Protein chains: 2
Amino acid sequence: MDLRHLRYFIAVAEEQNIGRAATRLHISQPPLTRQIQQLEEELGVRLLKRTPRGVELTQAGALFLDEARNIRAVVEQATERTQRAGQGKLGRLDVGIFGTAILDAIPKLLLAFRRSYPEVKIVLHTMNKGEQIEALRQRRITVGFNRMLAPLPDITTRLVANERLLLAMSHTSPLAAQESVAFPALRDHPLVLFPTGARPNFIDKVMTLCHEAGFEPIVSQEVSDAITGVALAAGGFGVCLVPESTTSLALPGVIYKPLTDLPHHAQVDLSCIYRSDDQSPILEAFLGTIEQMRSTLPSGAALTE
Amino acid sequence: MDLRHLRYFIAVAEEQNIGRAATRLHISQPPLTRQIQQLEEELGVRLLKRTPRGVELTQAGALFLDEARNIRAVVEQATERTQRAGQGKLGRLDVGIFGTAILDAIPKLLLAFRRSYPEVKIVLHTMNKGEQIEALRQRRITVGFNRMLAPLPDITTRLVANERLLLAMSHTSPLAAQESVAFPALRDHPLVLFPTGARPNFIDKVMTLCHEAGFEPIVSQEVSDAITGVALAAGGFGVCLVPESTTSLALPGVIYKPLTDLPHHAQVDLSCIYRSDDQSPILEAFLGTIEQMRSTLPSGAALTE
DNA sequence: ACTCATCAATACCTTTAAAGTATGATCACC
DNA sequence: GGTGATCATACTTTAAAGGTATTGATGAGT
């Protein structure tokens, strides 16, 4: 049986006349007669009763007419859904994010994407840098977000935003009175650093900046993530260098101060990563959304990749 | 798009390899490649990613695989249901019955049919003789039950049962003391007759029997149906001749007595009627059930049609 | 009762498209 | 850098759908 048989049968059933149905189908009458005979033979069921004025449906034929119309609708829907999936409009996007990536840029991006592609289900997976790479390779996620990614052959990195560094501290800190803080002044203040974990990381970056400024920092504590770092700073453990987006994290007693006397490269990137060979239209769509969002993301617009 | 395309695509998706899928489908590899390309082109969607080791599904392909399997299942079910309908095992049987046909034979028949064909929905329509003929011609019912049907060219009549006549009366009736009643004795007793309506009817039959026995009956009352007739008899309006199956109607104060001295043809038929040109397998099945039930129906077994 | 009109079915031919054969291109894997 | 596996392409064969002409059946109208 063929979809053609169904189409033909529906036409014949609706016209109650093989000749008229043939005209409607833009074929001649004899082949239509044969196709219907074929269908009846294959099913082993008489679908039509031939009368001198045309044909009429048997009970089985009436039932099959319903079924045929249903099948036609199911096929149409399947086609349409598949086409939407092929255009990246329908499906699922698994995103790997790190703990504090939930701040600022990424929610904005995901909301913008969801607005454009409401039928794509976004699933978030919290995982660290190494886990993201692993998950990308195993296709458990389609895209990941992270900072300071080392280049890899099979994973493409794409800069989403570049953020300035700020200093988080307790409002009781001796630096709290200043409008801004000169970076070299940090030589005399204990630092809370994060994140521990896969290298290179933000701790390495801060250490390098200090060395470039000609001092060895006093490390008060190394912690796993930004939230813990800011919390310790609030508790008086020291000051904590953070990416600008972290200011969304308004813990009680925490204040953020801009830094001066920093080199131009003293910024921290936020990038997304995906498999280099991934052709998925949903990924395409997501990267397109990032492109459109660039101007609204911190510094991103001003930077080349 | 064709069901063949779906079948082929499912095989390819399952084998993840066009060559192997071709083997499984008992065709060679190139036509299969082409059919898949055709499918992709028609949908405008890339369903497979070609790799050196075979093929793998894209997201859209994975979705289409689900859809294709679903369509296949829907088509299979449609086929099966249609075939059952063609065998009279699935569908609907509209039956016309008269008021007191609900007694005895007809319920037995309907129950037996439902046991053999549980997926045929039986719909009962209470209507009199004329309405049944009309409803048959308009296809609102497939089969009707009635008594004393005049032959018609487009309606076939088939005897289901032949019932003896009994006499219904009040337990206070002067005839109540006898074990049985000789028919000619009715000349002195007022009769309740039924049914009024389309001729020939049971009233005509009773009148003829009286005339044949050499008397003009005293007609106490003519009523529309057996229930009313028996009820009036119970109320003392007279005695009432009824078909044997009416004894299922145990109204308070009613007793039934056998009749003697009656000619052999003093029986009343119960027949079913259907359109002579009706080839419906459900009707076939129902007539088959009647055939099987004959021996258990009153006198039916002993009679030719 | 007979003819005509209508419609489905059949016979036979044409055209389209699916299946087969042979071969080429690509890429991992030794 | 060959070798084997896999998909794609070119070309031929075959099967099946479609077209034309005609027949057969049946009911309506004269």
Side-chain angles (χ1 to χ4, degrees), chain A residues 1-43 45-58 60-61 64-65 68 137 153-154 275-279, chain B residues 1-43 45-58 60-61 64-65 68 137 153-154 275-279:
Chain A
M1 185 165 55
D2 240 339
L3 294 182
R4 182 188 46 256
H5 288 115
L6 302 185
R7 197 158 49 85
Y8 286 6
F9 177 72
I10 291 170
V12 170
E14 285 175 355
E15 297 291 342
Q16 307 244 327
N17 177 309
I18 296 185
R20 267 204 308 280
T23 308
R24 189 173 115 183
L25 293 166
H26 306 296
I27 62 172
S28 61
Q29 172 258 317
L32 182 54
T33 294
R34 273 199 307 272
Q35 292 292 317
I36 298 294
Q37 286 172 339
Q38 221 172 71
L39 179 62
E40 286 183 322
E41 199 176 328
E42 187 178 334
L43 290 171
V45 176
R46 195 152 194 72
L47 301 173
L48 299 176
K49 192 182 164 194
R50 278 70 170 174
T51 73
R53 295 193 307 291
V55 293
E56 60 189 44
L57 293 172
T58 62
F64 189 70
L65 176 59
R137 290 190 173 131
D154 58 334
R275 283 185 304 107
S276 305
D277 65 349
D278 191 342
Q279 306 278 330
Chain B
M1 186 164 55
D2 240 338
L3 293 183
R4 183 188 46 255
H5 288 115
L6 302 185
R7 197 159 48 87
Y8 286 4
F9 176 72
I10 291 169
V12 170
E14 283 175 356
E15 297 290 343
Q16 307 244 319
N17 178 311
I18 296 184
R20 268 204 308 278
T23 309
R24 188 173 116 183
L25 293 165
H26 307 297
I27 62 171
S28 61
Q29 172 259 318
L32 182 53
T33 294
R34 270 199 309 274
Q35 292 291 318
I36 298 294
Q37 287 171 337
Q38 220 172 71
L39 179 61
E40 287 183 323
E41 199 176 327
E42 187 178 334
L43 290 171
V45 176
R46 196 154 194 72
L47 300 174
L48 299 176
K49 192 183 164 192
R50 278 70 170 173
T51 72
R53 296 192 307 291
V55 294
E56 61 188 45
L57 292 170
T58 63
F64 189 70
L65 176 59
R137 290 190 173 132
D154 59 335
R275 284 186 303 109
S276 306
D277 64 348
D278 192 341
Q279 306 280 327

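Everything quoted here is computed from the prediction, not taken from an experiment. Naming: A, B, ... by sequence-line order, numbering from 1 per chain.
Counting to the nearest Å, the P atom of D:dA17 and the CD atom of A:E41 are 12 Å from each other. Spacing between atom CG of A:D277 and atom P of C:dA28 amounts to 11 Å, rounded to whole angstrom units. At whole-Å resolution of the value, CD1 in A:I18 and P in D:dG18 are 14 Å apart. Atom CD in B:Q16 sits about 11 Å away from atom P in D:dC7, given to the nearest Å. When the C1' atom of C:dT6 is taken as reference, atom CD of A:E56 falls 16 Å away, rounded to whole Å. Taking atom CG on B:L39 and atom P on D:dA8, their separation rounds to 13 Å, with Å as the unit. Rounding to whole angstrom units, CZ of residue B:R20 and P of D:dG4 are separated by 19 Å. Distance, B:L47 CG to D:dC7 P: 15 Å, rounded to whole Å.
Interatomic distance, B:K49 NZ to A:D277 CG, rounded to the nearest 0.5 Å: 4.0 Å. Here the CZ-CZ distance, from B:R275 to B:R137, works out to 11.0 Å after rounding to the nearest 0.5 Å. Atoms CG and CG, on B:N17 and B:L32 in that order, are 9.5 Å from each other to the nearest 0.5 Å. Atom CZ of B:R46 and atom OG1 of B:T58 lie 8.5 Å apart (nearest 0.5 Å).
Proximity of A:L47 to A:I36: side-chain heavy atoms (C-beta onward) are nowhere separated by under 4.5 Å. A heavy-atom distance below 4.5 Å is found between the side chains of B:M1 and B:L6. The shortest distance between side-chain heavy atoms of A:I27 and A:Y8 falls below 4.5 Å.
In the displayed structure, A:R24 atom CZ is contacted under 6.0 Å by more than 12 heavy atoms of other residues, nucleotides or ligands.
With sequence neighbours excluded, no residue satisfies side-chain hydrogen bond (donor to acceptor under 3.5 Å, both in side chains) with A:R7.
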Polar atom pairs (N or O), protein with nucleotides 15-20 of chain C, under 3.5 Å:
{"unit_1": "C:dA18", "atom_1": "OP2", "unit_2": "B:Q38", "atom_2": "OE1", "d": "3.4"}
{"unit_1": "C:dA18", "atom_1": "OP2", "unit_2": "B:Q38", "atom_2": "NE2", "d": "3.1"}
{"unit_1": "C:dA18", "atom_1": "O5'", "unit_2": "B:R4", "atom_2": "NH2", "d": "3.4"}
{"unit_1": "C:dA18", "atom_1": "O5'", "unit_2": "B:Q35", "atom_2": "NE2", "d": "3.3"}
{"unit_1": "C:dA19", "atom_1": "OP1", "unit_2": "B:Y8", "atom_2": "OH", "d": "2.7"}
{"unit_1": "C:dA19", "atom_1": "N7", "unit_2": "B:R34", "atom_2": "NH2", "d": "3.0"}
{"unit_1": "C:dG20", "atom_1": "OP2", "unit_2": "B:S28", "atom_2": "N", "d": "2.7"}
{"unit_1": "C:dG20", "atom_1": "OP2", "unit_2": "B:S28", "atom_2": "OG", "d": "3.4"}
{"unit_1": "C:dG20", "atom_1": "O6", "unit_2": "B:R34", "atom_2": "NH1", "d": "3.4"}
{"unit_1": "C:dG20", "atom_1": "O6", "unit_2": "B:R34", "atom_2": "NH2", "d": "3.3"}

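Listed pair A:R50 / C:dA9 meets the phosphate criterion, a side-chain N or O lying under 4.0 Å from OP1 or OP2. For D:dC7, neither phosphate oxygen OP1 nor OP2 lies less than 4.0 angstrom from any side-chain nitrogen or oxygen of B:Q37.
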task: Sugar-phosphate atoms are those with a prime plus P, OP1 and OP2; base atoms are the rest. Using that split, label each nucleotide of nucleotides 23-30 of chain D B, S or - for protein heavy atoms under 4.0 Å, 5' to 3'.
output: ---SS---
